[in-house]
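Note that ligands are numbered from 1 as they come in the structure, with each ligand's atoms numbered from 1 the same way. Note that these values count all heavy atoms, side chains included, but never hydrogens, waters or copies made by symmetry. Note that the structure is predicted; figures quoted are calculated from it, not measured.
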Amino acid sequence: MIFNTLVSVLAIAVAASSTPIQPQQLDVITPHITSPVENDIWVPGENRTVTWNTTEIPPAFKNNTGKLVLGYYTTTKDDQGHWQTSENLNNTSPLAQNFVLGDGCANITVPHVPPRSTYIVVLFGDSGNASPQFKIAEK
Ligand SMILES: *[C@@H]1O[C@H](CO)[C@@H](O)[C@H](O)[C@H]1NC(C)=O
Ligand SMILES: *[C@@H]1O[C@H](CO)[C@@H](O)[C@H](O)[C@H]1NC(C)=O
Ligand SMILES: *[C@@H]1O[C@H](CO)[C@@H](O)[C@H](O)[C@H]1NC(C)=O
Ligand SMILES: *[C@@H]1O[C@H](CO)[C@@H](O)[C@H](O)[C@H]1NC(C)=O
Ligand SMILES: *[C@@H]1O[C@H](CO)[C@@H](O)[C@H](O)[C@H]1NC(C)=O
């Protein structure tokens, strides 16, 4: 979702820019998160390993550091009556950061957050990529 947003923004930037953009700037990193998978259940205080597919990371970016952020989807109506989905990313307390993207995994401790079944983790390198939704249960 974020990747699509970024691509849209870049497409507009390319269209609006008079100077040609180098292809490198479009070379965004979007490794797919392979764990958690949909409907996984995490329990606060547990250690978990978040994994992603490193074959999608261009070699020049494998040493870049990443950040993992917890969020959850909520859907609310805006004042025009349109449904809006928010990711509610907790950027102030990343689950993990300064790990190497090319490692393909990072260990985290599940924080003590309210139970919900719409949690996601988003991996930020040069771009963000959300996992499927999973659940954090009551301890
Ligand atoms: C989780 O990992 C942390 C940091 O590596 C460690 O200190 C802690 O003992 C682990 N907790 C469990 C429940 O394994
Ligand atoms: C990782 O990505 C590559 C290239 O897109 C794909 O061929 C492969 O099946 C993926 N592996 C996993 C475990 O998703
Ligand atoms: C990544 O880091 C490793 C170890 O520090 C180094 O051997 C390798 O050449 C680096 N790769 C790139 C593409 O910078
Ligand atoms: C972010 O996470 C920290 C640690 O789990 C928590 O104390 C804080 O309330 C969270 N913030 C939001 C906006 O959810
Ligand atoms: C993550 O935890 C697993 C299992 O406890 C351990 O084998 C692995 O070395 C840890 N990885 C990192 C990057 O700390």
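Closest to atom 4 (C) of ligand 2 among all protein heavy atoms lies Thr55 OG1, 3.8 Å. Closest to atom 2 (O) of ligand 2, if we only count protein heavy atoms, is Asn53 ND2, 2.3 Å. Regarding atom 5 (O) of ligand 2, its nearest protein heavy-atom neighbour is Glu56 OE2, 3.6 Å.
Heavy-atom proximity to atom 11 (N) of ligand 5, evaluated over Asn107, Val100, Asp103, Thr49, is greatest for Asn107. Across Val113, Asn91, Asn90, heavy-atom proximity to atom 1 (C) of ligand 4 is greatest for Asn90.
Not a single protein heavy atom sits closer than 4.0 Å to atom 9 (O) of ligand 4. For atom 14 (O) of ligand 2, the nearest protein heavy atom is under 4.0 Å away.
Heavy atoms from other residues, nucleotides or ligands lying under 6.0 Å from CD of Glu138 number 12 at most.
Looking only at atom types and distance, the side chain of Asn53 has a donor-acceptor partner in the side chain of Thr55 under 3.5 Å away.
For ligand 4 and Ser93, the ligand atoms under 4.0 Å from any heavy atom of the residue are 1 (C), 2 (O), 3 (C), 4 (C). The Pro111 neighbourhood of ligand 4 comprises atoms 5 (O), with distances under 4.0 Å to a heavy atom of that residue.
When side chains are defined from C-beta on, Leu101 counts as touching Leu123, because their heavy atoms get closer than 4.5 Å.
Asn90 places no side-chain N or O within donor-acceptor distance of the main-chain N or O of Leu70, the cut-off being under 3.5 Å. In this structure, Ser35 contributes its side chain and Thr51 its backbone to no donor-acceptor pair below 3.5 Å. Panel note: side chain Lys62, backbone Thr54; a donor-acceptor pair is recorded below 3.5 Å.
Using bins of under 30°, 30° to 60° and over 60° for the plane-to-plane angle, the ring pair Trp52/Phe99 lands in the tilted bin.
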